[in-house]
Amino acid sequence: MPKYDPKVIESKWRKIFGEKKIYEPEIDNDREKFFTTVPVIYPTGLLHLGHLYTWTRADIYARFMRMRGFNVLFPQGFHMTGGPMVGMSLRLKNREKKAVDMMKDQGVSDEEIEKFSNDPIALGLYFSDTYIKDFDAAGMSIDWRRLFILSQTPQYSKFVEWQFNTLKRLGLIVQGTHPVIWCPKEDTPLGDHDRLSGEGESPLKFSVIKFRMEDYILPVGTLRPETMFGVANLWLNSRIAYKKLTLDSGEEWIVSGEFARKIRYLLKTVKKEEDFDVSSVMGKNAKNPLNGADVPVFDADFVDGDAMTGVVMSVPMHAPVDFVYANRSGALEKLGGRPKKIIDVEGEENLVEDAIKRFGETPEGLDKATKYVYKKEFSSGILNTNCGKFANTAVDKAREKIKDLLREKGSYEDMYEPSGAVVCRCGANGVVKLLENQWFIHYSDRELKEKMLRAVEEMKICPEEVRVPLVSAINGLEDKAAARHGGLGTPLPWDKNWLIEPLSDSTIYMAYYTIADTANKMRPEELDDRLFDYVFLGKKDSSPYPDEAEKMRKEFLYWYPVDMRTTAKELVPNHMVFFIANHVAIFDRDKWPKAMSINGWLVVNKQKMSKSKGNTMGISEAVESYGTDSVRLIATASDGIDDAEWDTSNINTVYQKIETLMDLIEILDDFKGHKKLIDKYALSKAARITRDATEDYGNMLLRSAVQRTFFDGVQLLKEYLELGGYNGETLRELIRRIVRLNHPIFPFVTEELNSAMGGKELLEGGKSWPEYDEREISRLIDSEVEVVRNTISDIRNLTKILKISPKKVRIGISKPENFDLYNRIVEETKNTRNANEIRKKIRSSSKLADKLLKNPNRLPENGLDHDTETKLFEETKESISRIFGCEVIVESSDDDKAIPGKPALTIS
RNA sequence: GCAGGGGUAGCGAAGCGGUCAAACGCGUAAGGCUUAGGACCUUAUGGCUCAGGCCUUCGAGGGUUCAAAUCCCUCCUCCUGCACCA
């Protein structure tokens, strides 16, 4: 019968915590508040351990702060905005086998599946119910009174309307066109989840430059407008079909058949389309719109009708493909030799030719060469004197200037194509469509970005390494389309045809938590902009407000801002950025978020835990097998944003150590020894653990924290006993520390241990975090105990080598004057580690000095003490004698082998 | 393409200028305990030694320093993110 039975202990304390309503905090002006959140979650399937990782981390922090006396608020809501639930529902409706199986695997009945296939909300509500149970089972200290569901709780929808009206008032809502990957067959945006292939591809902007020839236009597609001065000729491919398009501007464009199809999605109206035979233009001249030069059109089979417009300009001196093809096809001869170079790169005379030599003329080699040349020229190229007024302009600058000039002349347009092939689930090839009249949040606003950067600067970020990607995400932030037509969501208040999109309605909802308990009980129509303006911004006019207004205002002022937001790393470049942006846009500076904590994923055999991979474990299953406290160990699986391996093998160790603690607590009263040096050591170590662990918890370094508090902590107990510690008071203090320091991670069993030790107050009740006194920490005693440990290990080695079982061990402590010398040398290493310099300083030529100075790098940072060392060995000699089963004599020694910190050993 | 982060023992993972052959965990081996297995406890686990010692290592190659896994440069190599999608 095991001593430690998690089930019994956990249900006991769960009940007590619930009765005390510890997780349902109210305003308390005598206590400092701490408000922590984790993002809302989509209930489209059962929760698994992978999810729990983030929440447990947040919960541990919440409990840590509670123990330190803070009034902690930890709410949780759900998200039903957007496509995921509608998508799942649709897949069930279509009886997609994978979707149906997934539901059945999760214990959903046929009847319910039928219901879900017509009602996505029912699906969401079904799973969100299981989430609440699972979060509770996993010991989350969540205040469920404040629960709400994004885009479903009508009161919350009023809040989102207020958010958008406020953004609009602030000038942060703009309207414009926006490119998206589009399915031409289904006439809908083609999100990553809807793609058969081409996940991650996005619209790529390219330049169209109009070369004129007779009455029509040859629209060249290019990514490098800066090479316009070096155009030798144009390439068309007589093997593919071309069309002549008459646009509503009256222009006639010659483009590939493929592009003729795609251009219609790019806001171009095609009035007339006819076949066009490009052989009629081969050899004729077109006009370079930048410098008016005549450039001939040549035939080239490498031109791909599917890439850009199907009209390509040839820049042989700056594009490997052009160079090779111009040579092979004899185009160079027709042109009368090599064209001029127009971009210089320092130290590169023949960049293109060298690149071709280096990578070869195979298609793959040319591809590499092209990338190489583009990169070189873009990063360090400068336009030369062949470029008229653009001479001496760096390529990146010249590119924009040339675009502007061409645009002025009416010879330039931006166009888009997918950055790679995209295929829709329906089988159609994706194109880029420009959406008109789309509503954007104006995240690219300069002032807004500056405020965001300021907010991030002041923000505590755990781990600190996330700051760099966060700042770069902010710098690269563009306007974000904030509304869409499909899925679930709150209608845009001023244009009800659009629904507010998920990432946009989930940016400041944490403010709503502060008032949720009150607001959720009100009628939605009471929650108008005027009320919210008062509650959140303090803007008040003289007309009457609902009775709840004052209460809500107080709640918001007390709880806000968010003190800690915990989430997984994939949300950093999107949600976290928008979260910050909307806060700094809408709220006063003292309401900006204070800290964020980012973690990786929980992985199994290096694979992310996910339902589709089938490598998940359900919460109730895990809790059933291991107990809540042990399952919570997942939160300590990794520090930083690296992925964390779910490893159950140390759960056994945890059980074992907990039982050790239980055993010791039972017999605490039997320890009646005096306090000795080893007591001083144990307390020093415990103080150090307390100090370091407090810092670890504060920085969300939970792996390190559990290492110190639990594994090192229990190890310390064993060490204390092994080295002859026998004082009940010390032991009690050590256990008291260990129990408290571990409570955030193991809230139930530590509460049990605390009460077993006679603790009357709940650890969970607050102000239970252990203090420590810096003066308790003694480096000297730590070092001297290490000397004892090393000596024991040396004795062991020696007996092994000598192959004897010792009868007598003499431990010869070095003489006091040697300690003086030793300490002087150690002191000197603070200035230098140069052996000769130290020798000069200490002016000693003793053998000991020689030995120590042989490698000054190996000297420790702090000194030793003769009396302490002697006394410690005297005190521990009984323990040593017990280990080796022999007599142990501690004496002073003249032997050269006796060095401070390394006594001479004589074994017989 | 742009941006960011890595490469340390059989594995996971600390260390981020000096007490470092490298914490801790897993794995492996031996011993103890046990009717047996498991669990647990002890010890060992880079190489060579065997009176407490020596040598070699932290992706590769250079450099800075009295001192580098740690700082700088080059190269190789592996991840991750890039927007309307949560």
Side-chain angles (χ1 to χ4, degrees), chain A residues 2 39 41-42 44 79 81-84 87 178-181 189-195 199-200 202-204 223 371 374-375 378 419 435 438 440-441 443 465-466 468-470 472-473 475-484 487 501-504 506 569-575 577-578 600 606 637-645 647 649-650 652-653 655-656 659-660 703-704 706-708 711-712 715 718 783 786 790-791 793-803 826 829-830 832-838 855-862 883 897 901-902 904-907:
Chain A
I41 177 168
Y42 276 83
T44 52
H79 206 181
T81 315
H178 180 62
V180 293
I181 304 278
L190 201 40
D192 262 353
H193 306 295
D194 313 319
R195 297 179 191 177
E199 229 174 274
S202 55
L204 181 75
L223 296 171
K371 279 182 180 153
Y374 281 20
K375 196 176 171 180
F378 185 71
S419 55
L435 287 179
Q438 169 68 276
F440 292 88
I441 301 180
Y443 288 129
E465 63 192 281
V466 174
V468 177
L470 183 64
S472 80
N475 282 324
L477 198 55
E478 287 173 25
D479 289 355
K480 160 123 177 67
R484 52 191 269 174
E501 163 282 332
L503 279 169
S504 301
S506 60
K569 61 186 171 188
E570 75 267 23
L571 293 189
V572 171
N574 41 70
H575 166 75
V577 168
F578 303 142
K606 306 226 168 194
S638 168
D639 284 335
I641 53 172
D642 291 339
D643 294 339
E645 191 73 31
D647 181 5
S649 56
N650 58 1
N652 245 322
T653 319
Y655 272 58
Q656 197 54 42
E659 290 190 1
T660 303
R703 182 191 177 91
S704 172
V706 78
Q707 175 63 42
R708 292 184 205 283
F711 295 100
D712 293 354
Q715 187 58 40
K718 287 188 181 172
S783 305
E786 207 178 324
N790 290 341
T791 304
S793 157
D794 283 345
I795 298 172
R796 184 171 287 129
N797 282 336
L798 288 176
T799 54
K800 218 198 265 173
I801 289 158
L802 297 171
K803 296 195 175 71
V826 166
T829 60
K830 288 187 179 121
T832 177
R833 295 269 175 164
N834 186 312
N836 287 330
E837 276 181 43
I838 296 173
N855 191 351
N857 277 338
R858 298 222 165 160
L859 286 167
E861 271 168 12
N862 49 300
I883 292 169
K897 285 205 176 112
K902 210 160 177 64
L905 295 176
T906 319
I907 300 176

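Just so we're on the same page: letters track the sequence lines, and every chain starts at 1. Basis for what follows: all heavy atoms, side chains included, without hydrogens, waters or symmetry-related copies.
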Partners passing side-chain hydrogen bond (donor to acceptor under 3.5 Å, both in side chains) against A:T799 (at least two apart in sequence or in another chain): none

Nucleotide nearest A:K902 when distance is taken to its side chain, options B:G52, B:G81, B:C85: B:G52

Partners passing side-chain contact (heavy atoms from CB on, under 4.5 Å) against A:E570 (at least two apart in sequence or in another chain): A:A568, A:W601, A:K608

Residue list, side-chain hydrogen bond (donor to acceptor under 3.5 Å, both in side chains) with A:Y443, at least two apart or on another chain: A:N582

Heavy-atom closest contact (A:V577 atom, A:A473 atom, distance): CG2-CB, 3.8 Å

Intermediate values then yes/no, side-chain contact (heavy atoms from CB on, under 4.5 Å), A:K480 and A:N574: CA-CA 10 Å; A:K480 160 123 177 67; A:N574 41 70; over 6 Å; no

Between B:U65 and B:U80 - P atom distance, rounded Å: 40 Å

Please write out the pairs of protein N or O atoms and N or O atoms of nucleotides 26-29 of chain B separated by less than 3.5 Å, giving the distance to one decimal.
residue : atom : partner : partner atom : Å
B:C26   : OP1  : A:T653  : OG1          : 3.4

B:C76 and B:G61, which share atom name P, separated by this distance in whole Å: 15 Å

Sugar-phosphate, base or nothing in reach of A:G901, heavy atoms under 4.0 Å: nothing

Watson-Crick/G-U partner (both atom distances under 3.5 Å) of B:C84: none

Rounded interatomic separation in angstrom, taking CD from A:E570 and C1' from B:C79: 16 Å

Protein-nucleotide distance (A:N475, atom CG; B:C82, atom C1'), rounded to Å: 15 Å

Rounded distance in Å - CZ (A:R708) to C1' (B:G25): 16 Å

Touch class at under 4.0 angstrom, heavy-atom based, for A:E478 against every strand present: base

Sugar-phosphate only, base, or nothing, as touched by A:I795 at under 4.0 Å among non-hydrogen atoms: nothing

Nearest-Å distance once atom P is located in both B:A68 and B:G17: 14 Å

B:C41 and B:C33, which share atom name C1', separated by this distance in whole Å: 8 Å

Touch class at under 4.0 angstrom, heavy-atom based, for A:H575 against every strand present: nothing

Separation of the P atoms in B:C58 and B:A22, to the nearest angstrom: 16 Å

Contacts of A:A481 that satisfy side-chain contact (heavy atoms from CB on, under 4.5 Å) - sequence neighbours left out: A:H178, A:Q438, A:F440

Any N/O pairs under 3.5 Å between the protein and nucleotides 1-9 of chain B? List them or say none.
residue : atom : partner : partner atom : Å
B:A3    : O2'  : A:S472  : OG           : 3.4

Value rounded to 0.5 Å, distance of CG in A:N475 from CG in A:L470: 10.0 Å

Spacing between A:Q715 atom CD and B:U42 atom C1', to the nearest angstrom: 12 Å

A:E501 CD - B:C85 P separation (whole Å): 8 Å

side-chain contact (heavy atoms from CB on, under 4.5 Å) involving A:P502 - partner list, sequence neighbours excluded: A:Y42, A:H79, A:T81, A:R484

Whole-Å P distance, B:C24 and B:G15: 14 Å

Could you pull out the protein-nucleic contacts involving nucleotides 20-24 of chain B (nitrogen or oxygen on both sides, under 3.5 Å)?
residue : atom : partner : partner atom : Å
B:C24   : O2'  : A:Q707  : OE1          : 2.6
B:C24   : O2'  : A:Q707  : NE2          : 3.3

With A:S472 via side-chain contact (heavy atoms from CB on, under 4.5 Å) - residues at least two apart: none

Who pairs with B:G4 - Watson-Crick or G-U, where each distance is under 3.5 Å: B:C79

Counterpart residues, side-chain hydrogen bond (donor to acceptor under 3.5 Å, both in side chains), relative to A:Q707 (two or more places apart): A:D712

For B:A21, the Watson-Crick or wobble partner whose two distances fall under 3.5 Å: none

Watson-Crick or G-U wobble partner of B:U74, both distances under 3.5 Å: B:A60

Pairwise P distance for B:A9 and B:G4, with rounding to whole Å: 28 Å

For A:T791, all residues meeting side-chain hydrogen bond (donor to acceptor under 3.5 Å, both in side chains), sequence neighbours excluded: none

Euclidean distance, atom CD of residue A:Q656 to atom P of B:C40 [Å, nearest integer]: 6 Å

Any residue meeting salt bridge (charged side-chain N to carboxylate O under 4.0 Å, His left out) with A:D794, in chain and number order, not counting sequence neighbours: A:K902

5' precedence on RNA chain B between A:R796 and A:T81 (nearest-nucleotide basis): A:R796

Position toward the 5' end of RNA chain B (nearest nucleotide), A:H178 or A:S783: A:S783

Sugar-phosphate only, base, or nothing, as touched by A:D794 at under 4.0 Å among non-hydrogen atoms: base

Touch class at under 4.0 angstrom, heavy-atom based, for A:K569 against every strand present: nothing

Inter-nucleotide P distance (B:G7, B:A60), Å rounded: 12 Å

Atom pair distance, as rounded to whole Å: CG in A:L503 and P in B:C82: 11 Å

Nearest listed nucleotide, side chain of A:K718, among B:U43, B:G52, B:C41: B:C41

Sugar-phosphate only, base, or nothing, as touched by A:N790 at under 4.0 Å among non-hydrogen atoms: nothing

Pairing nucleotide - B:A44, Watson-Crick or G-U, each distance under 3.5 Å: B:U28

Residue pair A:P84 / A:G82: nearest heavy atoms and the distance that separates them: CD-C, 3.6 Å

Length of the line joining A:L798:CG and B:C50:P, which is rounded to integer Å: 14 Å

